[in-house]
Amino acid sequence: MSTPSSLAAPGQVPHAATHSGTKQPAGLKVIFFTEMWERFSYYGMRALLVLYLVNKLGYERSDALTLYGIYTGLVYLTPMIGGALADRYLGKRRAAVIGGLVMTLGHFAMAFEPLLHMALGLLIVGNGFFKPNTTSMVGELYDGEDDPRRAGGYSIFYMGINVGAFLAPVVAGTLGEKLGWHFGFGAAGIGMTLGLIQLLWGQRLLGRAGLMPHQEPLSLRDAPTILGWAGACVALVFGVLNSWSVIGPWHSGLATPVRALVDVGVMVALLAYIARPDKDAQHAPLTAADWGRVAGIGIVMLFVIAFWTGFEQAGGTMTLFADTKTERELLGITIPASLFQSINPSVIVLLAPLFSILWTRMDQSRWALSDVAKQALGMIVLGLGFLVMAEAQSLADLHGKVGPQWLAIVYVIHTIGELMLSPVGLSMVSRIAPVRLAALLMGVWFLANAAANYLAGVMEHLLDGSGMPLYPFLAGLSIGSGVLLLLLTPLLNRLMGLHKRA
C-alpha cells in the first residue's frame, strides 16, 4: 500500500512515474479508483431517485421526472463554476477534495426523508467542485497534447467510471428496493467516502497533476481551507433552500422563456466574475487559433445536448418502464427495476478496451476519423436504439408488459453510441482547450449534460398534447442531429485544428 503524500518532506513534490512508451502513468489508477467510487455513489443514488419519489414519497410521475431533471441538470451545471474556482483560486486537487467531502455529507443526508432537498443541494454543489477537476486532472498526467497514450487513458478512465456505475444498481439499487430505501442511499454515501480516501491516500502518484504552479501536495495544512469551503457550501445550500419561499413564487410567476433568461443571466454573471482576468498574472492573450478551439467546443456541445437528452432517459422514463411495463419475475424472484441500469456500465467495461484499441488503430490508418465524426456517429447509433424502444412501448401498450430483452437490447445499443461519443469528447476538450481555460472549458462541456439532463426529465411533459410519442421523437432528434454534425465535420475540424480525414 502506498504511503500518503502528506508524509513527504516539506516542500518536496513527489513525481509521477516516468512517462515512456505505451505504459499509462501511475497516477491514472488513483483517479480511476477515485472516480469509480464517486460514480458508485452517484449512480447508486440515481438508480433509486425516481423510484423513491414515486413509490415511497407518492410523487406524481411528471413531478418525479421534473425533480429528477432539475437535480441531474444542476449536477452537470455546477462544474462550470467549480472548474473556474479551481483554475483561479483552489487548484484542481484541492477543489476535488472539497467536492468529495460535500458530496459525502449529501449522500448520507439522503438516508433521512426530511433532508431530501438539503441532500440534493449538497450533491449538486459538491459535484461542481469534484467532477470537472478529476476529469481534467487525467489530461495533466500526459506529456503534452500529442501524447499517444491520452485517448487510451481517457477510455481506461471511462471504464473506471463504469465499474462504479455497474456496481451501483447491483448494490445500492438492490439494497434500496429490497431492504429499504435508506440502506441504498447509505451505501452510496459509503462509496463516496471510499473515493475521497483513495484520492488523499494515493496522491503521491499524481505528480504535479491538479496542483497550481507553486502549490504543494495536500496535507494537514490544507484542512482549515478545505473544511472552510465545505462549511460554506453547506451554508449556501441551507440559505438557498430557506430563501426559496421568497424567491420561488416570484421566479415561478415569470413566463418560462423569461425564467430561463434570468437563470442564464445569473449564471453568466457569476461565471464572468469568477473568471475575470487576474491583474497580477502574466497571461498571453488568446490567439485566433485558441478562440477557434473554444468556438468549436461550444458548437459541438450544442449537438451533444441532443445525445444526452435521449441517453438520460435511462434514469427516468426507462426506469419507470422497467418498473411498470417490464416482466421482472425470474425463478420466483422479482428483479429490481433499478438493476436494468447496470446493463449500460457492464457493456462499457467489456467494450471500452476494444474501442480504445479501435480508435488507436484507426487514427494511425487511412481510415482515421476526427473526434467530431466519431461523436456524430454515436448520436446516430443512439437514435437507432430509440427506434427499438418505440417498438417496445407499442407492444407494452398493447399487451400490458414486455419481456426484459427489449430494455436490454436498447441499453446495449445506447452503450455503443455512448462509447463513440463521451470518452472521445472528454479527450477532445482536454487536448485542444487552451491551457489556462482547461478546467473551465471542461465545466462548460458538462453544461451540455446540464441542459440535456433537465430536458430529459421534462421532455415527456413537453410532448404531452403534441401527438408525438416520446421515443420516436428522440429517435428522430438523435439521428437528425448526428447527420447534421457529420455534414459540419470538415468545417469544425478546420476551426479546431483537428486535421483528420473526416
Side-chain angles (χ1 to χ4, degrees), residues 43 45-73 75-76 165 168-169 173 177 305-328 335-345 379 382-415 417-418 449-479:
Y43 283 103
M45 188 270 191
R46 173 182 177 267
L48 293 172
L49 181 57
V50 171
L51 296 173
Y52 174 66
L53 294 174
V54 172
N55 296 334
K56 171 63 175 177
L57 300 185
Y59 274 57
E60 293 294 330
R61 176 186 174 101
S62 61
D63 293 335
L65 289 172
T66 298
L67 181 57
Y68 167 81
I70 292 171
Y71 163 68
T72 55
V75 156
Y76 284 99
E177 291 192 62
I305 290 173
F307 179 92
W308 293 115
T309 297
F311 186 87
E312 289 299 332
Q313 298 298 319
T317 61
M318 289 173 64
T319 293
L320 293 175
F321 186 92
D323 187 40
T324 61
K325 299 293 185 180
T326 301
E327 292 286 354
R328 294 187 286 115
I335 303 171
S338 59
L339 198 61
F340 284 89
Q341 295 186 47
S342 67
I343 296 173
N344 165 260
M379 296 171 68
L382 181 84
L384 298 178
F386 277 117
L387 292 178
V388 177
M389 193 68 206
E391 180 64 18
Q393 182 68 65
S394 297
L395 292 174
D397 292 340
L398 185 62
H399 301 293
K401 290 186 177 183
V402 297
Q405 72 274 10
W406 286 95
L407 270 179
I409 291 170
V410 174
Y411 273 116
V412 170
I413 295 173
H414 283 186
T415 301
E418 182 186 6
N449 295 74
N453 273 269
Y454 176 71
L455 288 173
V458 302
M459 186 58 68
E460 184 177 78
H461 178 69
L462 292 176
L463 293 175
D464 283 348
S466 68
M468 172 61 72
L470 176 66
Y471 298 127
F473 171 81
L474 291 173
L477 177 67
S478 300
I479 294 173

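For reference, positions follow the sequence shown, starting with 1. Since we're looking at a predicted model, the values are computed, not measured.
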> Are the side chains of Asn344 and His414 in touch, meaning some heavy atoms are under 4.5 Å apart?
Replying inline: no
>> A side-chain contact here means heavy atoms from C-beta on lying under 4.5 Å apart; do Met389 and Gln313 qualify?
In response: no
> For the side chain of Arg328 and the backbone of Ala322, is there at least one donor-acceptor N/O pair under 3.5 Å apart?
Replying inline: yes
> Any side-chain donor-acceptor pair under 3.5 Å between Ser338 and Glu177?
Replying inline: yes
> Shortest non-hydrogen contact from Ala165 to Tyr43?
Replying inline: CB-CD1, 3.6 Å
>> Ring-plane angle category for Phe311 and Phe307, please: parallel below 30°, perpendicular beyond 60°, tilted otherwise.
In response: parallel
>> How long is the straight-line distance from OH of Tyr71 back to CE of Met45, given to the nearest 0.5 Å?
In response: 4.0 Å
>> When you compare the side chain of Asp323 with that of Asn55, does any pair of heavy atoms fall below 4.5 Å?
In response: yes
>> Show the nearest heavy-atom pair for residues Pro404 and Thr326, with the distance to one decimal.
In response: CA-CG2, 3.7 Å
>> On a heavy-atom basis, which atom in Ala408 and which in Ile343 lie closest, and how many Å separate them?
In response: CA-CD1, 3.8 Å
>> Less than 4.5 Å apart, side chain to side chain, heavy atoms only: is that true for Thr317 and Leu320?
In response: no
> Parallel, tilted or perpendicular: which describes the rings of Tyr471 and Phe386, with under 30° parallel and over 60° perpendicular?
Replying inline: parallel
>> Can you give me the closest heavy-atom contact between Gly73 and Ala450, atom names plus distance?
In response: O-CB, 3.0 Å
>> Going by salt bridge (Lys or Arg N to Asp or Glu O under 4.0 Å), name the residues that satisfy it together with Lys401, two or more places apart in sequence or in a different chain.
In response: none
> Can you name the ring-ring contact (aromatic ring centres under 6.0 Å, His included) partners of Phe340, sequence neighbours left out?
Replying inline: none
>> So which atom in Tyr68 and which in Gly315 form the shortest heavy-atom distance, rounded to 0.1 Å?
In response: OH-CA, 3.4 Å
>> To the closest 0.5 Å, what do you measure between CH2 (Trp308) and OG1 (Thr72)?
In response: 12.0 Å
> Can you check whether His461 reaches Thr66 side chain to side chain, under 4.5 Å on heavy atoms?
Replying inline: no
